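Numbering of residues begins at 1 and proceeds along the displayed sequence. These numbers were taken from a predicted model, which means no experiment stands behind them. Each ligand, and each atom within it, is numbered from 1 in the order the structure gives.
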Amino acid sequence: MRIAMIGTGYVGLVSGACFADFGHDVICVDKDEKKIASLHRGEIPIYEPGLDELVASNVKAKRLDFTTDLSKPVADADAVFIAVGTPSRRGDGHADLSYVYAAAKEIAQSLTGFTVVVTKSTVPVGTGDEVERIIRETNPKADVVVASNPEFLREGAAIRDFKFPDRVVVGTSDERGRKVMGDIYRPLSLNQAPLMFTERRTAEMIKYAANAFLATKITFINEIADLSEKVGANVQEVARGIGLDNRIGTKFLHAGPGFGGSC
Ligand SMILES: NC(=O)c1ccc[n+]([C@@H]2O[C@H](COP(=O)([O-])OP(=O)(O)OC[C@H]3O[C@@H](n4cnc5c(N)ncnc54)[C@H](O)[C@@H]3O)[C@@H](O)[C@H]2O)c1
C-alpha cells in the first residue's frame, strides 16, 4: 500500500516508520521545514527508544521518505493519514481542530483515484463528518472515503504499542475503505492484534471514552490517596488490594501528579 502521513510529529513519525516497517511505501509530510530537513539528515526530532534505527533502516530500504509538499504523496496514495496536532484551546479547553481542517482542505486538492483519508489525530465525535464535508466541497469529483483510526500509543513505548497494540480501531462502514485499512494493518494479525471495524462516529467515541476512563482511574486513586492519608491507610496497598480484582485491574492506579498529555 502507498501511504501519505500528514503531520510528522510524535504520532505521524512513529506510525509512518512502523507502516514502512510493515512493508508499505510511506511518505511523511510536515509543514515544518526544519523538521523535514533534520529527518533528511537522519536526525530524529523526538526521543523514542528504537525510533532512530527503525527510521534509518526503512529509509535505506526506500520505503520511507519525508517532504514538505503533500501534493504528490497524496495523489499517489491509497491512504492518507491526518496526524496533525489537536491542542486544547486556551480558555474553553475544546480541541483546536483548525490544523485538521486545514490539512483536509489541502489534501482534497491533490486527491486522484480512489483514496481513503484517515483521521488519526485525536478528535471529538463528528469531526470525520466535517473532514468529509470539507473534502467534498473542495473537490466534488474526489473518489474518497473518510475513516477514523484513533491512535492509542504511549510516548516512551510508542513503537511497541504500535506493533503490539491491545486493539486497532477502524471506523468506516464503506467496504472499499475497510479493505484498504485491513490491508494496511494485516501484518499485525501476526501479532494477534484484534482489528475492530466499526462506524466512524463510534471509533471517534472509543478514543474519547478510553481517555476519559483512564483519566477517571488516575483521578479516582488520587482521591483515595487523599482519603487514605486522612484515615491512616496505605494507598499503595489499597491500590494493590483493589487492582488484583480482575474487574478493576492494576494499571493506571498509581497515585501521583494527575493526568496530562497531548490527548
Ligand atoms: N503524542 C501522543 O502520545 C499521542 C498519542 C495518541 C494520539 N495523539 C494525537 O495525535 C495527534 C498528533 O499528536 P502529536 O503528538 O504527533 O503532535 P505533534 O505536535 O508532535 O505533531 C504534529 C505535527 O503536525 C504538523 N502539521 C500541522 N499542520 C500540518 C499540515 N497542514 N500539513 C503538514 N503537517 C502539519 C506540525 O508541524 C507537527 O510537526 C494529536 O491529535 C494527538 O492528540 C498523540
Worksheet item: Does atom NZ of Lys163 have more than 12 heavy-atom neighbours from other groups under 6.0 Å away?
Response: yes
Worksheet item: Is the side chain of Glu48 donor-acceptor paired with the backbone N or O of Ala157 at a distance under 3.5 Å, no angle test?
Response: yes
Worksheet item: With no hydrogens and no angle check, is any side-chain donor or acceptor of Lys217 less than 3.5 Å from a backbone partner on Lys251?
Response: yes
Just which atoms of ligand 1 are under 4.0 Å from any heavy atom in [X]?
{"X": "Gly9", "value": "16 (O), 18 (P), 20 (O), 21 (O), 23 (C)"}
{"X": "Gly7", "value": "24 (O), 25 (C), 33 (C), 34 (N)"}
{"X": "Ile6", "value": "32 (N), 33 (C)"}
{"X": "Thr86", "value": "40 (C), 41 (O), 43 (O)"}
{"X": "Lys35", "value": "38 (C), 39 (O)"}
{"X": "Gly85", "value": "22 (C)"}
{"X": "Ser262", "value": "1 (N), 2 (C), 4 (C), 42 (C), 43 (O), 44 (C)"}

Discussion item. Below the 3.5 angstrom mark, is there an N/O of Thr122, backbone or side chain, next to an N/O of ligand 1?
Written reply: yes
Worksheet item: N/O of Glu155 under 3.5 Å from N/O of ligand 1, yes or no?
Response: yes
Discussion item. Checking a contact table here: which protein heavy atom is nearest atom 30 (C) of ligand 1, and how many Å away?
Written reply: Lys31 CG, 3.6 Å
Response to the item:
The protein heavy atom nearest to atom 28 (N) of ligand 1 is Val84 CG1, 3.6 Å
Worksheet item: Checking side chain to side chain donor-acceptor pair (under 3.5 Å) for the pair Asp96/Ser98: CA distance, chi angles, key distance, verdict?
Response: CA-CA 6 Å; Asp96 178 354; Ser98 56; 2.7 Å; yes
Fill in: For Arg200, the option from Thr172, Asp129, Thr119 that meets side-chain hydrogen bond (donor to acceptor under 3.5 Å, both in side chains)
Asp129
Worksheet item: With respect to atom 36 (C) of ligand 1, which of Asp30, Asp32, Asn211, Ile82 exhibits the smallest heavy-atom separation?
Response: Asp30
Do [X] and [Y] sit within salt-bridge range, that is, some charged N less than 4.0 Å from a carboxylate O?
{"X": "Arg41", "Y": "Glu43", "answer": "yes"}
{"X": "Glu130", "Y": "Arg133", "answer": "yes"}
{"X": "Lys179", "Y": "Asp183", "answer": "yes"}

Worksheet item: Under the 4.0 Å line, does any protein heavy atom show up next to atom 32 (N) of ligand 1?
Response: yes
Discussion item. Could you report the tightest heavy-atom contact between Leu111 and Val74, atom names first, then the distance?
Written reply: CD2-CG1, 3.8 Å
Answer side chain, backbone, both or neither: which part of [X] comes under 4.0 Å from ligand 1, heavy atoms only.
{"X": "Arg154", "value": "neither"}
{"X": "Ser121", "value": "both"}
{"X": "Ala83", "value": "backbone"}

